[in-house]
Amino acid sequence: MTALLQVENLVAGYGASRVLFDVNLTIREGEVATLLGRNGMGKSTLVKCLCGWLTPTGGRITFAGEDISKSASHRIGKLGLGLVPEGRQVFPTLTVRENLIATASTTNGSAWTMDRVVGLFPRLGERMSQLGGTLSGGEQQMLAIGRALMTNPRLLILDEATEGLAPLVRADIWRALGLLKAEKLAMLVIDKDLRALMPLADHHSGLEKGRVVLRGTSAELRAKQTELHALIGV
């Protein structure tokens with residue numbers, strides 16, 4: 001299968017400080033990949049490069065057949081890369097309905113509608129007139145995912161989508177991601193919940209000090225428990 005996202009020998013950093021060293025990553029249509037690692041290992045820097053917020057100093061990023069290494073973020077978004085950012089970042093003074101409308105794709109025949117988002121997260125349907133800033137943390141996370149889906153992405157990046165949430169809410173999020181996988185939506189998931197990640201993901205990449213030091217399928221990583229737990233610090 002042709003790669004939807006191809007990261008080749010990526011080098012990036014801030015000023016004279018290099019953060020990523022020759023990072024390689026491939027995600028194909030319909031695949032779920034994870035990016036594992038402790039805080040400060042370069043995961044957020046890689047996400048910034050993928051989204052066009054940081055220009056790499058070396059290597060190449062190809063998405064949907066186009067070199068996006070130096071593309072503006074709005075151009076990358078139009079190609080079909082959607083982000084659920086760390087910290088949710090919903091629009092606090094807009095209602096749930098307005099948050100969803102604000103990012104809705106204008107492409108005719110968009111796969112994601114408000115009704116589909118509510119079908120995925122019924123709780124949002126009960127909060128349509130409520131301001132985003134007054135929602136609970138879990139509801140804001142559901143809204144952040146729904147808002148990203150409304151862009152009609154070909155690849156959805158989820159950056160710490162379950163961090164700090166109550167167990168029941170985390171279960172709702174993982175259930176939703178399982179449904180998205182069943183619909184063949186390609187995803188890159190950044191999280192530390194190995195119990196949930198293992199059955200969800202097709203393959204994993206582990207970052208340490210800006211380098212990919214561990215790679216494999218869930219079955220392969222289950223045989224490397226010592227290295228895996230050392231990588232994520234649990």
Side-chain angles (χ1 to χ4, degrees), residues 1-14 17-51 53-54 56-63 68-69 81-87 153-165 170-171 173-174 177-178 180-181 184-234:
M1 292 174 59
T2 303
L4 176 61
L5 174 72
Q6 184 82 53
V7 178
E8 301 173 272
N9 303 316
L10 194 71
V11 179
Y14 307 93
S17 177
R18 184 177 292 187
V19 177
L20 299 178
F21 301 84
D22 297 317
V23 171
N24 292 278
L25 175 68
T26 301
I27 303 177
R28 295 175 176 82
E29 294 277 7
E31 282 189 337
V32 177
T34 72
L35 194 60
L36 306 172
R38 300 186 303 278
N39 293 339
M41 293 295 108
K43 303 188 302 296
S44 294
T45 298
L46 178 55
V47 170
K48 289 177 182 178
C49 291
L50 297 179
C51 294
W53 299 338
L54 179 66
T57 56
R60 183 171 68 169
I61 305 171
T62 306
F63 178 67
I68 61 167
S69 307
L81 192 148
L83 173 67
V84 180
E86 185 176 12
R154 294 181 65 182
L155 171 65
L156 184 64
I157 300 176
L158 299 108
D159 193 355
E160 303 288 1
T162 67
E163 185 177 28
L165 299 180
R170 288 203 305 270
I173 300 296
W174 290 119
L177 298 189
L180 295 177
K181 178 181 180 177
K184 303 298 183 183
L185 176 63
M187 291 183 279
L188 175 60
V189 184
I190 302 168
D191 209 286
K192 298 182 181 67
D193 189 343
L194 292 176
R195 182 176 297 180
L197 288 174
M198 286 297 175
L200 178 72
D202 296 293
H203 56 88
H204 311 264
S205 296
L207 277 181
E208 186 168 8
K209 297 181 180 178
R211 301 180 188 274
V212 177
V213 297
L214 191 64
R215 194 190 305 275
T217 64
S218 293
E220 290 168 341
L221 262 60
R222 286 191 182 100
K224 300 178 180 179
Q225 288 294 313
T226 301
E227 299 98 314
L228 181 58
H229 287 277
L231 180 74
I232 63 173
V234 297

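K43 places a side-chain N or O within 3.5 Å of a backbone atom of R38 that can act as its donor or acceptor partner. Using a distance-only test at 3.5 Å, with no hydrogens or angles considered, no donor-acceptor pair links the side chain of R18 to the main chain of G13.
Taking the charged nitrogens against the carboxylate oxygens, E29 and R154 do have a contact shorter than 4.0 Å, which makes a salt bridge.
Remark: L194 CG to L228 CG distance equals 5.0 Å, nearest 0.5 Å. Separation of atoms OG1 (T45) and OH (Y14) is listed at 3.0 Å; rounding is to 0.5 Å. L10 contributes atom CG, which lies 7.5 Å from atom OG of S69 (distance to the nearest 0.5 angstrom). Here CG of N9 is found 12.0 Å from CG of L20. Values are rounded to the nearest 0.5 Å. Residue H204 holds its NE2 atom at 9.5 Å from CG of L214, rounded to the nearest 0.5 Å. One finds the CG atom of L25 at 6.0 Å from the CG atom of L188 (value rounded to the nearest 0.5 Å).
When all heavy atoms are compared, the tightest approach of V23 to G210 is CG2-O, 3.4 Å. Nearest approach of G30 to D202, heavy atoms of both residues: O-OD2, 4.2 Å. Across all their heavy atoms, G206 and L231 have their closest contact at CA-CD2, 3.4 Å. In terms of heavy atoms, R28 sits closest to A3 at CG-CA, 4.0 Å. Residues S44 and D159 approach most closely at OG-OD2, 4.2 Å, considering heavy atoms. Heavy atoms only, all atoms of each residue included: A12 and C49 are closest at CB-SG, 3.6 Å.
Between L177 and V32 the shortest side-chain heavy-atom distance does not fall below 4.5 Å. Side chains of T34 and D191 form no contact here, defined as non-hydrogen atoms less than 4.5 Å apart. Residues L5 and I61 meet the side-chain proximity criterion, which asks for heavy atoms closer than 4.5 Å. For the pair V189/L35, no side-chain contact is recorded, criterion being any heavy-atom separation below 4.5 Å from C-beta on. With a 4.5 Å cut-off on side-chain heavy atoms, L36 and L197 count as touching. You'll find the side chain of L46 stays beyond 4.5 Å of the side chain of I190, heavy atoms only. Between V212 and N24, every side-chain heavy-atom pair lies at or beyond the 4.5 Å cut-off. Put simply, the side chain of F63 does not reach to within 4.5 Å of the side chain of L50, judged on heavy atoms.
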Item to check | Working for side chain to side chain contact (heavy atoms under 4.5 Å, CB included), residues R211 and M41 | outcome: CA-CA 8 Å; R211 301 180 188 274; M41 293 295 108; over 6 Å; no

Item to check | side chain to side chain contact (heavy atoms under 4.5 Å, CB included) between L4 and E31, worked out | outcome: CA-CA 9 Å; L4 176 61; E31 282 189 337; over 6 Å; no

Checklist entry - Do E220 and R215 pass the side chain to side chain contact (heavy atoms under 4.5 Å, CB included) test, and can you show the C-alpha distance, the side-chain angles, and the key distance before you say yes or no? => result CA-CA 9 Å; E220 290 168 341; R215 194 190 305 275; over 6 Å; no

Checklist entry - Given E8 and T62, is the side chain to side chain contact (heavy atoms under 4.5 Å, CB included) satisfied, shown in steps? => result CA-CA 8 Å; E8 301 173 272; T62 306; 4.2 Å; yes

Item to check | Verdict with supporting geometry, K192 and E163, salt bridge (Lys or Arg N to Asp or Glu O under 4.0 Å) | outcome: CA-CA 8 Å; K192 298 182 181 67; E163 185 177 28; 5.0 Å; no

